[in-house]
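To start, the structure itself, in structure tokens.
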Amino acid sequence: MSSTAFSVAAVVVAAGRGIRIGGGMPKQYRRVGGQAVLTRTLAALGCHAGIARIQLVIAPDAAAFYEECLGELDPIVRGKLAAPVPGGETRQQSVRAGLEALERAGAPDLVLVHDAARPHVDFGLIDRAIAAGHDHRAAVPGIAVSDTIKIVDDAGDGIGRVRETPPREALRAVQTPQSFAFRPLLDGHRAAAEAGLHGFTDDGALAEWAGLPVVTFEGDPRNRKITQPADLIEADRAFGSAASAPGFSAMTQYVTRLGTGFDVHAFTDGDHVWLGGVRIPADRGVLAHSDGDVALHALTDALLGAIADGDIGTHFPPSDEKWRGAASDQFLAHACSLVRARGGRIDHLDITVLAEAPRIGRHREAIRARIAEIAGVPLSAVSIKATTTEKLGFVGRAEGLAAQAAATVRLPEEESATLVDAQAETAMRQG
């Protein structure tokens, strides 16, 4: 299934007060691992190539909190965010506000509804949500229940009288993101509001009420909703160890992955070329849809290759006019964000430029420094070299220039296994 075959948007519900957790601030704006919970949730969704648009729903008085979160996000993620809309008194009303906003902007085919307070959502779960929603039109993630559940009548004295013990194997604890065909879900919300029903606490239940067949797909035990102070502490520990500069959590095993990239552009009229984010004077320019920075393009592909997430054309299609003339630093920054969204660390970036001209020797350190700045890595983690092709081929004939790159990253072992499983599943689907 190609994510480009249909449009996917997400509604992120962040309008709750969430003050029961303490601290005098809504939980979605509390910091874990140095960033707000909402920032991490939006980054996880926005870095996924399959999600084209995100509609956030916030409390009317939370604009200042939101602006702070916005400033922490990757430019590519910010580009997917629609202006937030105010929520209602209940979660159901807030979700409907987000759906109506998407409708006004141009309805997607599929919508994911996600809680802002679930920052642990990962790409594997998002992939499953999109696939299940596409195939079944109404799908919710669920995890098997390990404890025996009792249905009780509350006598009001703190004692519950057991009425029923449902079979454990038939029970699922439901999470978000929940995935729906957009139009039936919006119609269901409108019908529920017209019927005077406003208390649905999850969209799967509302869809059931509206007569939609709802299926479950595999959830993720790590995708916990932050509700208690202990959840904040655990999330702070988890994100802090994954994102800390010098090292990783001693309890997590990491694997090293190597990705490579290659890019080429022909020369055309002009007076400069972009290499590694640095403008270099030259006798000619390059023919390209964006700024034609072969070094950053090759490096972006190397990072995407290391995490098995397509290529630069997947994330920034040349058919999209919004990328015409775009600065390539945002492409590299986005790829780096994808690595970090998976709990990964970039160890080394290595680029070789193939060109007869221009010479890059005196620009080498400026290029290294710029790449280190974009990628958020130490200068010692960036290497750039240049070579000619001894007058052979299109490079030797001075018809263009090229670059090849390699990127070494470390990913948590579980994430690496998820990538391998996803590749195998994709291969099976494609026959």
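Heads up: numbering here begins at 1 and tracks the sequence. Everything numeric here is computed off the predicted structure, so don't read it as measured data.
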Going by heavy atoms in the side chains, are [X] and [Y] under 4.5 Å from each other?
X: Arg410; Y: Asp347; answer: yes
X: Ile226; Y: Pro119; answer: yes
X: Ser179; Y: Leu110; answer: yes
X: Ile54; Y: Ile51; answer: yes
X: Phe331; Y: Ile312; answer: yes
X: Gln178; Y: His114; answer: no
X: Glu218; Y: Ile143; answer: no
X: Ile367; Y: Ile280; answer: yes

Tell me if a side-chain donor or acceptor on [X] pairs with a main-chain N or O of [Y] at a distance below 3.5 Å.
X: His136; Y: Ala138; answer: no
X: Gln330; Y: Ala327; answer: yes
X: Ser337; Y: Ala333; answer: yes
X: Arg118; Y: Asn223; answer: yes
X: Arg368; Y: Leu379; answer: yes
X: Arg168; Y: Ser146; answer: yes
X: Arg172; Y: Glu169; answer: yes
X: Gln55; Y: Ala83; answer: yes
X: Gln92; Y: Phe200; answer: yes
X: Asp301; Y: Asp311; answer: no

Regarding [X] and [Y], does a basic nitrogen lie under 4.0 Å from an acidic carboxylate oxygen?
X: Glu72; Y: Arg31; value: yes
X: Asp231; Y: Lys225; value: no
X: Arg183; Y: Glu103; value: yes
X: Arg91; Y: Asp202; value: no
X: Arg96; Y: Glu100; value: yes

Self-check item: Derivation and outcome, side-chain contact (heavy atoms from CB on, under 4.5 Å), residues Asp271 and Asp283
Solution: CA-CA 5 Å; Asp271 61 3; Asp283 293 336; over 6 Å; no

Classify the side-chain pair [X]/[Y] by whether it contains a donor and acceptor separated by less than 3.5 Å.
X: Ser328; Y: Asp293; value: no
X: His348; Y: Asp350; value: no
X: His297; Y: Ser290; value: yes
X: His120; Y: Asp220; value: no

Quick check for you: to the nearest 0.5 Å, what is the distance between [X] atom [atom1] and [Y] atom [atom2]?
X: Leu299; Y: Leu349; atom1: CG; atom2: CG; result: 5.0 Å
X: Lys80; Y: Leu73; atom1: NZ; atom2: CG; result: 12.0 Å
X: Arg340; Y: Leu338; atom1: CZ; atom2: CG; result: 11.0 Å
X: Thr389; Y: Leu401; atom1: OG1; atom2: CG; result: 11.5 Å
X: Gln28; Y: Arg40; atom1: CD; atom2: CZ; result: 16.0 Å
X: Leu125; Y: Arg222; atom1: CG; atom2: CZ; result: 9.5 Å

I need the minimum non-hydrogen distance between [X] and [Y], along with the two atoms involved.
X: Val121; Y: Ala44; answer: O-CB, 3.5 Å
X: Thr41; Y: Ala116; answer: OG1-O, 2.7 Å
X: Pro358; Y: Pro281; answer: CB-O, 4.3 Å

Practice problem: State which residues pass side-chain hydrogen bond (donor to acceptor under 3.5 Å, both in side chains) with Ser94; sequence neighbours excluded, sorted by chain then number. | Solution: none

Self-check item: Check against side-chain contact (heavy atoms from CB on, under 4.5 Å), Leu56 and Leu38
Solution: CA-CA 10 Å; Leu56 185 63; Leu38 178 59; 3.9 Å; yes

Exercise. Please assess Asp203 against His189 for the test side-chain hydrogen bond (donor to acceptor under 3.5 Å, both in side chains), listing each intermediate value before the final yes or no.
Key: CA-CA 9 Å; Asp203 293 277; His189 268 271; 2.7 Å; yes

Quiz item: What do the steps show when you test Arg342 against Asp309 for salt bridge (charged side-chain N to carboxylate O under 4.0 Å, His left out), and what is the final call?
Solution: CA-CA 11 Å; Arg342 297 183 179 191; Asp309 197 1; 3.6 Å; yes

Practice problem: Show the numbers, then the answer: is there a side-chain hydrogen bond (donor to acceptor under 3.5 Å, both in side chains) between His134 and Asp109? | Solution: CA-CA 9 Å; His134 177 264; Asp109 298 313; over 6 Å; no

Practice problem: Count the heavy atoms belonging to other residues, nucleotides or ligands that lie under 6.0 Å from CG of Asp61, then report whether that count exceeds 12. | Solution: yes

Exercise. Take atom CZ of Arg78 as the centre, draw a 6.0 Å sphere, and report whether it contains more than 12 heavy atoms from other residues, nucleotides or ligands.
Key: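 Counting neighbours around CZ of Arg78, more than 12 heavy atoms of other residues, nucleotides or ligands fall under 6.0 Å, so yes.
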
